[in-house]
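What follows is a set of notes on a single structure, which appears directly below.
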Amino acid sequence: MKHTLILAFSAFAALAPAHAQTKLVVGQAAATAASWPEYIARDQGYFAAEKLEVRTELVGNVAAIAQQTVGGSLEIGHTTFEMVIQAVESANAPISLIGSTTIKYPYTMMSAKNVKTAADLKGKKVAISRLGASSDIAATYVLRHLGLKRTDVVILQLGGEGTRTAAMLSGQIDGSLEQEPRTAELEEKGFHVLVDGLDIAVDYPNTSYVSTRAFIAKNPDVVKRFLMGISDGIHAFKTNKPEAMKLTSAFLKTPEGPALAEAYDIFTKKVYPDIPRPSLKGIGLVLAELATKVPAASKFKPEQLVYTTPLDQLEKE
């Protein structure tokens, strides 16, 4: 049924009135699997079909994405849900979630060969990208699942996936929060999965597209067309594996092979939704978790933080 809806979206787009070409700057923290549908939508012409010229800006961190979206240098940002809440709480930022492309935590705690249990990990060095990022939040969940506190390990902010992987390979760290295809690459070199985040954090809005309420109010049709392009990108990624593998290989600058194929299978079957609708249940879980550190988060209800009108309209149409 959901695939039928996506095909219906595309059919409706063909009948929709013509629009002037609209330029959009979309912020991404880094080139990761969470952003694959956006690149597919751009490279395969789904945004162009919606009369959108989308430029992806690699900002470097999720905090900057929230700040630049509020500041107006980005029309749309792709960031972690936690950073959205913190932006709302700290600066009363008028931000709304408009869509989610990863609704589970696609992070795995990879560990060194001598770290096989929670007891082995205690006191060891664990890498994340930066505090507040998805990998940081995933670390909290993984450690809790292992019966450990964050203070039981040494958490290091090492930046992007490539840097963390290199640190693992060189023996500088004992554990790292990794996504596919890095996970499979590390397994091939003798490292192993200590905890798979997909098994412990379900229905969790890992990354979401956000925009300001002012931009949404002024450009509701642009937001709608952007989400239509993302929906088509997700559908194309899920239904054309050879082309998706080819484009993803170029996007990540990594060769096609078993690791990338495994990443494709995991994300298409477990991580990407068919329709990028924010999960109110998942947002509620994040709010409850965040309230333990940011008390003001307890004042929010999931419905206050999302803008689903475009997806509501697309499903009706």
(request) Could you please spell out the steps behind the side-chain contact (heavy atoms from CB on, under 4.5 Å) verdict for Leu186 and Val193? (result) CA-CA 9 Å; Leu186 286 168; Val193 174; over 6 Å; no

Side chain of [X], backbone of [Y]: donor and acceptor closer than 3.5 Å?
X	Y	value
Ser135	Ser129	yes
Asn219	Phe215	yes
Ser298	Pro295	yes
Gln304	Lys301	yes

For the residue pair [X] and [Y], establish whether any side-chain heavy-atom pair is separated by less than 4.5 Å.
X	Y	result
Lys246	Asn240	no
Leu305	Leu287	yes
Arg182	Met110	no
Glu262	Thr183	no
Leu314	Met228	yes
Val126	Met109	yes
Arg213	Ile95	no
Leu143	Leu121	yes

Using 0.5 Å steps for rounding, measure from the [atom1] atom of [X] to the [atom2] atom of [Y].
X	Y	atom1	atom2	result
Tyr107	Asp136	OH	CG	10.0 Å
Leu148	Lys124	CG	NZ	11.0 Å
Ile230	Arg42	CD1	CZ	10.5 Å
Ile128	Arg150	CD1	CZ	6.0 Å
Ile266	Tyr272	CD1	OH	11.5 Å
Glu303	Thr308	CD	OG1	9.5 Å

Note: [X]-[Y] ion pair, threshold 4.0 Å (strictly below):
X	Y	result
Lys113	Asp120	no
Asp221	Arg225	yes
Glu75	Lys23	no
Glu53	Arg55	no

Between [Y] and [X], is there a side-chain donor-acceptor contact under 3.5 Å, judged purely by atom types and distance?
X	Y	value
His78	Thr101	yes
Ser100	Arg277	no
Gln28	Glu38	yes

(request) Would you sort out whether Leu198 and Val271 count as a side-chain contact (heavy atoms from CB on, under 4.5 Å), showing the intermediate values? (result) CA-CA 8 Å; Leu198 290 175; Val271 180; 3.8 Å; yes

Same cluster for [X] and [Y] if Ile/Leu/Val/Met/Phe/Trp/Tyr side chains link at under 4.5 Å?
X	Y	result
Tyr307	Ile65	no
Ile76	Trp36	yes
Val59	Ile98	no
Leu247	Met245	yes
Phe226	Leu311	yes

(message) If you apply the rule side-chain contact (heavy atoms from CB on, under 4.5 Å), what do you find for Phe267 with Gln179, and how did you get there?
(response) CA-CA 10 Å; Phe267 273 82; Gln179 295 187 68; 3.6 Å; yes

(request) Give me the one residue out of Thr79, Thr102, Thr80 that meets side-chain hydrogen bond (donor to acceptor under 3.5 Å, both in side chains) with Thr207. (result) Thr102

Smallest separation among heavy atoms of [X] and [Y], with atom names:
X	Y	result
Ser211	Thr69	CA-CG2, 4.0 Å
Leu146	Ala118	O-CB, 3.4 Å
Leu158	Ala127	CD1-CB, 3.7 Å
Pro278	Ile283	CB-CD1, 4.1 Å
Glu50	Gly229	CG-N, 4.3 Å
Pro276	Ser231	CD-OG, 3.2 Å

(request) Mark yes when over 12 heavy atoms from residues, nucleotides or ligands other than Lys241 sit less than 6.0 Å from its NZ; otherwise mark no. (result) yes

(message) For Ser96 and Ile216: C-alpha separation, side-chain torsions, deciding distance, then whether side-chain contact (heavy atoms from CB on, under 4.5 Å) applies.
(response) CA-CA 9 Å; Ser96 290; Ile216 292 168; 4.0 Å; yes

(request) Could you walk me through whether His192 and Ser111 pass side chain to side chain donor-acceptor pair (under 3.5 Å), step by step? (result) CA-CA 6 Å; His192 59 268; Ser111 62; 3.0 Å; yes

Side-chain donor-acceptor pairs under 3.5 Å in residues 164-177, sequence neighbours left out?
from: Arg164; atom 1: NE; to: Leu177; atom 2: O; distance (Å): 3.2
from: Arg164; atom 1: NH1; to: Gly159; atom 2: O; distance (Å): 2.8
from: Arg164; atom 1: NH2; to: Leu177; atom 2: O; distance (Å): 2.9
from: Thr165; atom 1: OG1; to: Glu161; atom 2: O; distance (Å): 2.9
from: Thr165; atom 1: OG1; to: Glu178; atom 2: OE1; distance (Å): 3.4
from: Ser170; atom 1: OG; to: Ala166; atom 2: O; distance (Å): 3.1
from: Ser170; atom 1: OG; to: Ala167; atom 2: O; distance (Å): 3.2
from: Ser170; atom 1: OG; to: Gln172; atom 2: NE2; distance (Å): 2.8
from: Asp174; atom 1: OD2; to: Lys125; atom 2: N; distance (Å): 2.9
from: Ser176; atom 1: OG; to: Glu178; atom 2: OE2; distance (Å): 2.7

(request) List the steps, then state whether salt bridge (charged side-chain N to carboxylate O under 4.0 Å, His left out) holds for Lys238 with Asp274. (result) CA-CA 9 Å; Lys238 285 187 169 187; Asp274 289 317; 2.8 Å; yes

(request) Would you please indicate if the ring centroids of Tyr264 and Phe237 are separated by under 6.0 Å? (result) yes

